[in-house]
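As the structure is a prediction and not an experimental result, all values here were calculated from the model.
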Amino acid sequence: MSANRKSGVFITFEGIEGSGKSTQAKLLASGLAAAGVEVIATHEPGGTLISDRIRALLLDPEHTDMDATTELLLYAAARAQHLAQKIRPALAAGAVVICDRFSDSTVAYQGFGRGIARELLDAVDAVATGRLRPHLTILCDLDVRQGLQRNRNARKRDRLELEAVDFHEKVRAGFLALAHDDPGRFHIVDAAQPPDVLAAEILARVKKVLWDSAK
Ligand code: TMP
């Protein structure tokens with residue numbers, strides 16, 4: 001699994017609130033590290049000092065008057081810094097980078113959720129990422145009410161979680177549409193399954209991608 005690779009492998013986790021993707025991203029990172037793979041685990045928005053400061057602006061529940069374009073540009077700014085400072089250097093060094101959320105979240109939340117046109121999202125994404133795409137994206141799919149309930153139980157209430165159920169339904173539909181359009185990159189998992197069952201399924205898929213990338 002840790003065969004010699006000249007450049008790294010970029011794996012992202014996506015899903016609605018409470019889908020368990022952050023737990024699964026961490027389990028995958030520790031599973032790969034235990035197998036001797038050089039792995040960097042990170043998340044968006046965040047992952048660097050500057051991106052974490054932008055995250056605090058984005059998620060502050062007091063910022064209910066944030067304009068949708070401002071929101072889009074802040075996510076993009078956090079991502080540009082994250083790529084420059086952390087993701088691209090790690091990939092260039094041959095690491096496996098596991099990122100909890102990336103550009104697909106922008107299409108799902110700011111596009112499908114807020115209604116910003118796809119052409120505008122793609123133009124901003126081109127500036128922020130140079131159109132870098134993950135090799136593999138694990139979509140943790142879950143019923144919206146179940147996910148929101150999980151977060152209420154965990155007392156997680158940031159600005160986006162305060163949106164109506166309808167908003168989160170659009171976000172979920174957005175993720176599923178993205179996965180449908182790019183089945184080669186996306187792997188959809190049923191996030192209602194027990195975490196250990198889910199982790200085993202994800203690890204099997206990731207091993208295959210790492211194996212193929214090392215050929
Ligand atoms: P998290 O709860 O997974 O840490 O993500 C933070 C919130 O930011 C979550 O509600 C999803 C949202 N988000 C967007 O709206 N657009 C984006 O591009 C990203 C990365 C996250």
- [ ] Quick one: do Val206 and Ile98 satisfy side-chain contact (heavy atoms from CB on, under 4.5 Å)? Show the steps, please.
- [x] CA-CA 11 Å; Val206 168; Ile98 299 173; over 6 Å; no
Between the side chain of [X] and the main-chain N/O of [Y], is any donor-acceptor distance below 3.5 Å?
X     : Y     : result
Ser30 : Lys26 : yes
Gln81 : Ser51 : no
Lys86 : Gly47 : yes

Measuring from [X]:[atom1] to [Y]:[atom2], what's the distance to the nearest 0.5 Å?
X      : Y      : atom1 : atom2 : result
Ser22  : Leu27  : OG    : CG    : 11.0 Å
Arg145 : Gln149 : CZ    : CD    : 10.5 Å
Ser103 : Leu178 : OG    : CG    : 10.5 Å
Leu198 : Gln24  : CG    : CD    : 4.0 Å
Lys156 : Leu148 : NZ    : CG    : 10.5 Å
Glu169 : Asp166 : CD    : CG    : 7.5 Å

(message) Let's go through Leu121 and Leu72 carefully: what are the C-alpha distance in whole Å and the side-chain angles of both, what is the deciding distance for side-chain contact (heavy atoms from CB on, under 4.5 Å) to 0.1 Å, and is it a yes or a no?
(response) CA-CA 8 Å; Leu121 298 182; Leu72 169 65; 3.6 Å; yes
Carefully, step by step, assess Arg150 and Leu142 under the rule side-chain contact (heavy atoms from CB on, under 4.5 Å).
-> CA-CA 11 Å; Arg150 280 185 185 175; Leu142 186 68; 3.6 Å; yes
Inter- and intrachain pairs under salt bridge (Lys or Arg N to Asp or Glu O under 4.0 Å), touching [range], at least two apart:
range            : value
residues 60-70   : none
residues 105-127 : Glu71-Arg114, Arg114-Glu163, Arg118-Asp122, Asp125-Arg133
residues 39-54   : Glu44-Arg79

List, one per line, each side-chain donor-acceptor pair under 3.5 Å for residues 9-16, sequence neighbours excluded.
residue: Thr12; atom: OG1; partner: Thr137; partner atom: OG1; Å: 2.8
residue: Glu14; atom: OE1; partner: Ser105; partner atom: OG; Å: 2.5
residue: Glu14; atom: OE2; partner: Phe102; partner atom: N; Å: 2.8
residue: Glu14; atom: OE2; partner: Ser105; partner atom: N; Å: 3.4

* Heavy-atom pair of closest approach, residues Asp143 and Gln146 ->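 Heavy atoms only, the tightest pair is OD2-N, 3.0 Å.
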In terms of heavy-atom contacts, Cys140 and Ser19 come closest through O-CB, 3.4 Å
Practice item. Please check if Leu162 and Val171 belong to a single hydrophobic cluster, counting links between Ile, Leu, Val, Met, Phe, Trp and Tyr side chain heavy atoms closer than 4.5 Å. Key: no
Do Leu73 and Leu120 belong to the same hydrophobic cluster, where Ile, Leu, Val, Met, Phe, Trp and Tyr are linked whenever their side-chain heavy atoms lie under 4.5 Å apart, directly or via other members?
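Yes; Leu120 is reachable from Leu73 via cluster members.
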* Asked: With side chains defined as the heavy atoms from C-beta onward, is the minimum distance between Val197 and Pro195 less than 4.5 Å?
  -> no
- prompt: Are any non-hydrogen side-chain atoms of Arg185 and Asp104 less than 4.5 angstrom apart?
  reply: yes
Tested for side chain to side chain contact (heavy atoms under 4.5 Å, CB included) against Val96, the lone hit among Leu28, Val37, Ile40, Leu91 is Val37
Side chain to side chain contact (heavy atoms under 4.5 Å, CB included) with His82: of Thr129, Ile54, Ile50, Thr48, only one passes, and it is Thr48
| request: Report the C-alpha distance between Glu201 and His187 in whole Å, list the side-chain angles of each, state the deciding distance to 0.1 Å, and finish with yes or no for side-chain contact (heavy atoms from CB on, under 4.5 Å). | output: CA-CA 10 Å; Glu201 180 185 339; His187 181 73; 3.2 Å; yes
(Q) Please evaluate residues Asp212 and Lys207 with respect to the criterion salt bridge (charged side-chain N to carboxylate O under 4.0 Å, His left out), reporting the C-alpha separation (whole Å), side-chain torsions for both, the decisive distance (0.1 Å), and the verdict. (A) CA-CA 9 Å; Asp212 289 347; Lys207 278 184 181 171; over 6 Å; no
- [ ] Could you verify whether a donor N or O on one side chain and an acceptor N or O on the other, from Tyr75 and Arg55, lie under 3.5 Å apart?
- [x]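 Side-chain D/A pair, Tyr75 to Arg55: absent.
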Report yes or no: do His135 and Ser213 form a side-chain donor-acceptor pair below 3.5 Å?
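Checked: His135/Ser213 side chains show no N/O donor-acceptor pair below 3.5 Å.
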- Query: Can you list every ring-ring contact (aromatic ring centres under 6.0 Å, His included) pair that touches residues 153-182, not counting sequence neighbours?
  - Reply: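 Sorted result for residues 153-182: empty, none.
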Contacts of Leu176 meeting side chain to side chain contact (heavy atoms under 4.5 Å, CB included) (sequence neighbours excluded), chain-then-number -> Leu139, Asp141, Arg172, Ile188
